[in-house]
Every structure is written in C-alpha cells, then in structure tokens.
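To start, the structure under review is shown below, and the notes come after it.
All values reported here derive from a predicted model rather than from experimental measurement. The sequence lines fix the lettering, A, B, ..., with proteins before strands; numbering per chain opens at 1.
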Number of protein chains: 2
Amino acid sequence: MRWSPDARERLERAAFELFAEQGYQATTVPQITARAGLTTRTFFRHFADKREVIFAGDEIPDVARAALAAAPPDLDPLDIVVHGLHRVADERFEGRHDQVRAVRRLILSEPSLRERDARKRADLTDAVRQGFVDRGLDASDAAAVAETAVVLFHLALESWLDGPADRRMADVVDEQLGRLRAVLDGRPASSRFVTRRDGRRNAT
Amino acid sequence: MRWSPDARERLERAAFELFAEQGYQATTVPQITARAGLTTRTFFRHFADKREVIFAGDEIPDVARAALAAAPPDLDPLDIVVHGLHRVADERFEGRHDQVRAVRRLILSEPSLRERDARKRADLTDAVRQGFVDRGLDASDAAAVAETAVVLFHLALESWLDGPADRRMADVVDEQLGRLRAVLDGRPASSRFVTRRDGRRNAT
DNA sequence: GTCTATATCGCGATAGAC
DNA sequence: GTCTATCGCGATATAGAC
C-alpha cells in the first residue's frame with residue numbers, strides 16, 4: 001500500500017526518539033513527521049497537539065469509567081476506589097517501573113507537559129466523579145471521593161516511582177491511603193503506625 | 001509620561017471585555033492590545049501567554065508560602081492548613097462570590113484555560129508541599145498534606161460557588177473537611193443508610 | 001519595537017481499500 | 001463508487017529572538 005497503517009505508532013516512536021536525542025522543546029513537528037515519513041498535517045490528524053504524543057494511549061479515565069459502571073451497586077465508594085487502584089497498579093504499572101519513570105521524567109522536565117499532565121489529572125477526576133454520580137452518589141460526595149481517589153493515585157504513583165523497582169505499587173497505594181488518613185486525623189503525620197479499618201496494624 | 005503606568009490593568013480590562021463579547025478563543029492578542037492602545041509585544045511583556053491574563057494576580061501560592069513560614073513550629077499540619085484556608089477564604093473570596101464565579105465560568109468554558117487552571121493547582125500543591133518540607137516535615141507526609149490541602153481548597157471553592165452568595169466560604173471549608181474525613185472512613189457523609197462505625201444510622 | 005519561527009488548522013485533491 | 005487516510009498548500013496566531 002501507499003501508506004503503512006501504523007502511521008500513529010511511527011509518529012509516536014519518532015517523537016520519543018527525537019525528544020530523547022534533542023529534548024522536547026527543541027524538536028519540531030516537521031522533524032517528527034520527516035522521520036516518520038509523513039507530513040506535518042498528518043501529525044495533527046492523529047494528535048490534537050504536540051503534547052499529546054506523550055500522553056497517547058492514556059485510557060485510564062476509560063478504565064475508571066468501566067470499573068465504576070461494573071462494580072456492585074452498594075459497595076462502599078472507598079472500597080471501589082482502592083480496588084480499582086490495585087487493579088490499575090497491577091495491570092498497567094507493575095513491571096514497567098523504568099518505562100513509566102522515563103516518561104514521568106520527560107513530563108516533569110517540560111512545563112508545558114507538566115501542564116498537560118495536570119489537565120489529564122483533572123480529566124480523570126471528572127471521570128471518576130461522574131462515574132460515582134451515575135451510581136447514584138450525592139454530587140458533593142462524588143466530588144470528594146473522586147478527588148480523594150486521584151490524589152491517592154498520584155501520591156502512590158510518585159512514591160512508587162521514587163522507590164525501588166521491585167516494590168509493588170499496590171502496596172504503595174495502601175501505604176498512601178494510611179498517610180492520607182493520618183493527615184485527616186490530625187495525627188502527627190509521620191507517625192509510624194496507622195490503624196486500618198479492619199483494625200490491624202499497618203507499618204509504614 | 002508618554003505611556004500610562006496602568007498598562008497591565010488596561011490589558012486585563014480589555015481582555016475580559018473582549019472575552020465576554022466574543023469568547024476567549026475568538027479573541028486575538030492584537031485585538032486586546034488594540035483596545036488597550038498598546039502593541040502586541042507589550043502584552044507578552046506583561047503576561048507569559050494569552051491564558052495568563054485570566055489568572056493574573058494569583059498570589060495564592062505566595063500567601064501559602066508566607067503562612068507556612070510564619071506558623072508556629074509544632075502546630076499540627078492539618079491545623080495550619082485549615083487556618084490558612086479560613087484566612088484565604090475570608091480575605092480573598094468572601095464578598096466576591098459573583099466576581100469569582102464569573103471568572104470560574106470563563107475558565108471552565110475553555111479547555112485551554114481549564115488546563116492552565118489545573119497547572120496552577122499543581123503549582124500551589126508544590127508550594128504547600130515545599131513549605132511543609134521546609135518546616136521539617138517528612139517528604140512523603142508533606143506531599144500528602146499538600147494534596148489534602150489543595151483538594152480541600154478546591155472542593156470548598158467549587159461548593160461555595162455552587163451555593164448561595166451569602167454562605168461563608170470558611171464554613172464550606174469545614175464542611176468539606178468533614179466530607180473528606182467521611183470518605184476516608186468509608187462512610188460518605190450523605191450516603192443513604194450507611195451503617196457507621198458507631199453503629200448508628202446516617203440517613204440523608 | 002520589529003522580525004520571524006513554528007504550532008495549528010482549513011481546504012481541496014488524491015490514492016488506495018472495500 | 002464510496003470511504004478513509006494522506007498529501008500539499010496556505011493562512012494565522014502565538015510566542016520568542018534580536
């Protein structure tokens with residue numbers, strides 16, 4: 001055929017290569033498309049803007065929506081959140097420590113990418129909030145649950161990336177949940193032990 | 001002087017007028033500067049980009065930094081946060097319900113402004129986090145406290161803007177704090193007929 | 001202040017897929 | 001033939017350099 005069907009993938013690969021070689025900012029869209037053997041116009045048909053190449057394939061909001069729609073009707077919201085985060089941790093992050101870390105590093109290095117990342121986070125919050133509203137949760141509670149969920153996700157992600165590659169992210173989720181509880185209990189936040197709902201002790 | 005010293009204010013006013021008349025996206029920087037009687041270059045000397053006009057005078061991160069540096073050394077982090085939010089609510093929001101609401105509406109209407117707003121939120125989180133680190137708080141706890149603080153701020157702001165103009169925002173802060181606690185305790189405050197840990201019923 | 005790069009988008013033409 | 005992805009050209013606004 002005249003065009004390969006993998007234009008999108010080629011663009012992504014070319015972009016990441018060039019970002020690694022020259023940095024994000026120094027790389028122009030024409031450079032990316034040149035390497036991918038396509039035209040500039042084609043790039044913008046696949047990605048809304050230059051930043052989106054980095055975040056392509058970010059289906060986490062979809063995962064959240066699906067999980068919320070599928071969860072049993074009368075489960076406690078926080079349980080749904082924690083279970084969901086465990087699943088996401090296991091299925092989408094576990095074993096990709098280095099890879100995720102590299103992308104994260106790129107994002108944090110460029111203000112415009114940080115900004116896009118913040119927007120993705122807001123979008124995710126909104127998806128979760130809407131998901132809980134659709135489950136019949138009161139709007140204000142849904143907002144609070146969604147914010148909590150996304151904060152927990154981010155704290156866990158950052159902490160996991162900061163730590164050793166063999167640490168399970170799902171465990172970090174639990175640890176950060178304890179930390180959030182401690183903060184809201186007004187306990188000296190750095191106390192070593194937090195009481196879990198089941199009454200057992202959870203050393204940090 | 002040849003030029004009025006209030007260039008920045010004139011630009012802001014012209015921008016808001018034009019955004020109201022034609023929408024944000026349809027308004028170009030040259031249009032704004034033309035109305036303000038200035039050149040395009042001048043605009044970018046005062047604002048990093050077109051979006052920043054909306055967020056000009058956003059010194060909340062500075063307020064947060066100052067408050068954290070000034071607070072007594074061994075206060076509980078959450079107390080600092082809540083006191084700080086009460087102050088910000090009283091000093092910077094109280095009595096400006098309509099005004100804040102109008103800006104918020106504009107921001108929410110335009111994806112690129114939503115994105116910038118999300119970035120501001122991330123910047124604020126980082127300022128608070130750093131402030132607590134400077135106070136000697138453990139880095140992970142500082143991150144958790146900062147996220148909690150900013151979530152609380154945003155939940156309170158949105159809720160306050162959604163409600164009647166005569167409601168005190170400081171009260172909404174307290175209410176949202178209770179909501180967050182309830183979420184983390186596994187009992188959303190207004191969920192219907194959820195059994196609380198003390199065994200009593202909690203109807204909406 | 002002027003000049004310019006580069007991101008971004010609209011439009012019409014075209015080339016293969018089905 | 002119709003549909004979709006790509007191309008090629010052009011226009012414009014933002015943003016930064018000199």
Side-chain angles (χ1 to χ4, degrees), chain A residues 1-19 21-57 106-107 109-120, chain B residues 1-8 10-12 14-56 58 106-107 109-120 123:
Chain A
M1 345 175 194
R2 179 147 168 278
W3 356 276
S4 308
D6 57 345
R8 193 187 176 90
E9 286 69 35
R10 293 215 314 279
L11 286 169
E12 282 179 32
R13 211 170 309 124
F16 273 99
E17 286 173 15
L18 285 162
F19 294 161
E21 291 168 19
Q22 328 172 326
Y24 172 81
Q25 159 124 265
T27 302
T28 71
V29 174
Q31 282 175 345
I32 296 170
T33 51
R35 182 167 297 199
L38 297 164
T39 68
T40 301
R41 194 65 189 83
T42 304
F43 180 93
F44 288 103
R45 232 174 272 108
H46 286 277
F47 306 100
D49 56 46
K50 190 177 150 188
R51 278 149 257 149
E52 283 296 310
V53 208
I54 311 283
F55 298 89
L106 173 60
I107 291 173
S109 75
E110 207 70 26
S112 73
L113 293 177
R114 254 181 198 250
E115 183 166 85
R116 178 56 49 87
D117 185 62
R119 166 188 166 167
K120 295 290 180 184
Chain B
M1 329 179 203
R2 218 181 345 204
W3 30 267
S4 307
D6 59 344
R8 193 187 175 88
R10 292 218 312 281
L11 286 169
E12 283 179 29
F16 273 99
E17 285 173 17
L18 285 163
F19 294 162
E21 292 167 19
Q22 327 172 326
Y24 172 82
Q25 160 122 268
T27 302
T28 71
V29 173
Q31 283 175 344
I32 296 170
T33 53
R35 181 168 296 199
L38 297 164
T39 70
T40 302
R41 186 66 185 79
T42 307
F43 181 93
F44 288 104
R45 234 182 272 114
H46 286 279
F47 306 100
D49 56 45
K50 188 177 151 190
R51 277 150 258 153
E52 283 297 309
V53 211
I54 311 284
F55 298 89
D58 179 13
L106 174 59
I107 290 171
S109 75
E110 206 70 32
S112 73
L113 294 177
R114 253 180 198 251
E115 181 166 88
R116 177 56 49 86
D117 185 63
R119 166 188 167 166
K120 295 289 183 186
D123 289 346

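- Nucleotide C:dT8 holds its C1' atom 14 Å from the CD atom of A:E52, rounded to whole Å.
- If you take CZ of A:R8 and P of D:dT6, they are 11 Å apart, rounded to a whole angstrom.
- Rounded to whole Å, the distance from CD on A:E115 to C1' on C:dA7 is 15 Å.
- A:R8 and A:E12 are joined by a salt bridge, as a carboxylate oxygen and a charged side-chain nitrogen come within less than 4.0 angstrom of each other.
- For A:Y24 and C:dT6, the OH to P distance is 14 Å, given to the nearest whole Å.
- Between the CZ atom of A:F43 and the P atom of C:dC9 there is a distance of 11 Å, given to the nearest Å.
- Summarising the geometry, the separation between CZ on A:R45 and C1' on C:dA15 is reported as 13 Å, rounded to the nearest angstrom.
- Salt-bridge annotation for B:E52 and B:R116: present, with a side-chain N of the basic residue lying under 4.0 Å from a carboxylate O of the acidic one.
- Residue pairs that meet the salt bridge (charged side-chain N to carboxylate O under 4.0 Å, His left out) test with at least one member in residues 19-33 of chain B, sequence neighbours left out, are B:E21-B:R35.
- Residues satisfying the side chain to side chain contact (heavy atoms under 4.5 Å, CB included) test with A:A36, not counting sequence neighbours, are A:R10, A:L11, A:A14, A:L38.
- Rounded to whole Å, atom C1' of C:dG1 lies 14 Å from atom NE2 of B:H46.
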Letter per nucleotide, 5' to 3', of nucleotides 12-18 of chain D [B base touched, S only sugar-phosphate touched, - untouched; heavy atoms, 4.0 Å]: -SSB-B-
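- Between A:R13 and A:E9 there is no salt bridge, since none of the side-chain N atoms of the basic residue sits less than 4.0 Å from a carboxylate O of the acidic one.
- Between A:T42 and D:dC7 there is a side-chain N or O to OP1 or OP2 distance below 4.0 Å.
- Salt bridge A:E115/A:K120: absent, no basic N to carboxylate O contact under 4.0 Å.
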